[in-house]
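Worksheet: the structure to be examined is printed underneath.
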Amino acid sequence: MSKKFFLCMLLFPVLFSCSRTADNTEDAGNKKVDSLKSGYQVLQDSLNIAWEEMMQDDNEKIADLKRLLDEIQYTNLYNKQEIETLYAEVENLKTIRYDSMTMADSDGIDRYDSATAEVSYKVSRLAIGHPKFESYPLMQTLIDDISDANDKVLLYRVRYDNYAQAYNEFVEEHRSLMPQIDSSATLKPRPVFQLITP
């Protein structure tokens, strides 16, 4: 038996073992990425749902404000110019509202909150002070719904912040693997409503 053949016979198990180890390492790596993809998808879905529910509730509040103005008009006892001005202010809310990226500008959020609070107060006060308020019970229902929606804003924002912070922490922790987890991810932190304290 030649020395070369003998050496090959000795090295074969080692090479085979190395090959299997490499395969096992690759399989483990793939499983890790797959697991991270699942976790990432859950985070993304939760974040998107939290945002959509918050916006839906805000849209319903704006619709209720318009509906309350409609009720005032149904009385046939109102100041046309005042109603038109309030309709325009309500309609403007969606125009100045932040989105999931522009909310990084906290001043923009403050402006929207102030405008929403002001127009909610104006429309509700006009309805409550109307001479026929008691004859239109839907007015009170709408006022209550608008008030409830305003009260829930903070809860929606806290919930969104929790998911956004979890998302940001995930991206930061697995930054090197993000191209494999989600090649379309920008890796930019998602803005939050509150400052993250260390």
Side-chain angles (χ1 to χ4, degrees), residues 41-168 184 186 188-197:
Q41 191 60 56
V42 169
L43 271 176
Q44 256 200 333
D45 290 345
S46 299
L47 189 60
N48 291 337
I49 289 170
W51 180 266
E52 287 166 10
E53 289 180 351
M54 181 168 56
M55 289 299 103
Q56 182 180 348
D57 199 65
D58 202 58
N59 288 338
E60 288 174 4
K61 176 173 62 185
I62 291 172
D64 285 342
L65 285 165
K66 291 179 180 177
R67 185 72 180 85
L68 186 51
L69 289 171
D70 289 344
E71 283 296 298
I72 294 172
Q73 286 194 99
Y74 294 155
T75 67
N76 291 319
L77 183 62
Y78 61 92
N79 181 308
K80 183 179 179 182
Q81 184 176 354
E82 184 178 27
I83 290 291
E84 288 178 351
T85 299
L86 288 172
Y87 265 122
E89 289 184 23
V90 172
E91 192 64 35
N92 188 51
L93 290 177
K94 283 189 179 181
T95 305
I96 65 172
R97 187 169 64 189
Y98 51 85
D99 60 34
S100 60
M101 296 313 294
T102 60
M103 62 178 274
D105 173 22
S106 59
D107 289 340
I109 295 174
D110 290 342
R111 282 192 297 273
Y112 181 74
D113 288 348
S114 295
T116 302
E118 184 178 358
V119 75
S120 295
Y121 173 73
K122 285 180 180 177
V123 176
S124 297
R125 183 186 62 177
L126 182 63
I128 292 171
H130 196 282
K132 294 186 177 181
F133 178 72
E134 298 296 336
S135 302
Y136 289 79
L138 182 56
M139 285 190 189
Q140 184 63 63
T141 300
L142 289 167
I143 289 170
D144 291 342
D145 289 345
I146 292 164
S147 178
D148 287 344
N150 282 328
D151 289 343
K152 287 190 294 184
V153 167
L154 181 60
L155 295 176
Y156 277 116
R157 289 180 180 179
V158 168
R159 181 184 174 213
Y160 179 82
D161 274 5
N162 287 337
Y163 286 125
Q165 290 179 39
Y167 175 89
N168 291 341
S184 65
T186 62
K188 289 182 179 178
R190 293 292 185 97
V192 294
F193 289 100
Q194 300 295 325
L195 291 176
I196 302 175
T197 54

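Nearest heavy-atom pair, V123 versus L68, reported as atom, atom and distance to 0.1 Å: CG1-CD2, 3.6 Å. Shown here for I72 and T75, the closest heavy-atom pair between the two residues is O-OG1, 2.5 Å. Here the closest heavy-atom approach between residue A164 and residue V192 is recorded as CB-CG1, 3.7 Å. Among all heavy-atom pairs drawn from I96 and A115, the shortest one is CD1-CB, 3.7 Å.
Separation of atoms CD (Q41) and CG (D45) is listed at 4.5 Å; rounding is to 0.5 Å. Within the model, atoms CG of L65 and CD1 of I146 stand 4.0 Å from one another, a figure rounded to the nearest 0.5 Å. In this structure, CZ on R190 lies 13.5 Å from CD on Q165, to the nearest 0.5 angstrom. Note that CD of E134 is 10.0 Å distant from CD1 of I128, once rounded to the nearest 0.5 Å. Expressed to the nearest 0.5 Å, how far CG of L69 lies from CE of M139 amounts to 9.5 Å.
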Show which side-chain atoms of residues 84-94 pair as donor or acceptor with protein atoms under 3.5 Å away, not counting sequence neighbours.
{"unit_1": "T85", "atom_1": "OG1", "unit_2": "Q81", "atom_2": "O", "d": "2.9"}
{"unit_1": "Y87", "atom_1": "OH", "unit_2": "D70", "atom_2": "N", "d": "3.3"}
{"unit_1": "Y87", "atom_1": "OH", "unit_2": "D70", "atom_2": "OD1", "d": "2.1"}
{"unit_1": "Y87", "atom_1": "OH", "unit_2": "Q73", "atom_2": "NE2", "d": "2.9"}
{"unit_1": "E89", "atom_1": "OE1", "unit_2": "K122", "atom_2": "NZ", "d": "3.3"}
{"unit_1": "E89", "atom_1": "OE2", "unit_2": "K122", "atom_2": "NZ", "d": "3.2"}
{"unit_1": "E91", "atom_1": "OE1", "unit_2": "K66", "atom_2": "NZ", "d": "2.6"}

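In this structure the side chain of F133 reaches within 4.5 angstrom of the side chain of I143, judged on heavy atoms. At least one side-chain heavy atom of S100 sits less than 4.5 Å from a side-chain heavy atom of Y160. By the 4.5 Å heavy-atom criterion applied to side chains, L126 and E82 are counted as neighbours. Looking at R157 and I109, their side chains come closer than 4.5 Å, going by heavy atoms from C-beta outward.
Under the 3.5 Å distance criterion, the side-chain polar atoms of D64 are left unmatched by any main-chain donor or acceptor of L142. No donor-acceptor distance shorter than 3.5 angstrom exists from the side chain of S114 to the backbone of R111, with no hydrogens or angles considered. Between the side chain of H130 and the backbone N or O of Y78 there is no donor-acceptor pair closer than 3.5 Å.
The pair R67-D145 fails the salt-bridge criterion, with no side-chain N (NZ, NE, NH1 or NH2) lying under 4.0 Å from an Asp/Glu carboxylate O.
Side chains of D105 and T102: a donor-acceptor N/O pair is absent below 3.5 angstrom, by distance only. Looking at N48 and Q44, their side chains never bring a donor and an acceptor atom within 3.5 Å of each other.
In this structure, Y98 has its ring center under 6.0 Å from that of F193.
Residue pairs that meet the salt bridge (Lys or Arg N to Asp or Glu O under 4.0 Å) test with at least one member in residues 46-58, sequence neighbours left out, are E53-R159, D57-K152, D58-K61, D58-R97.
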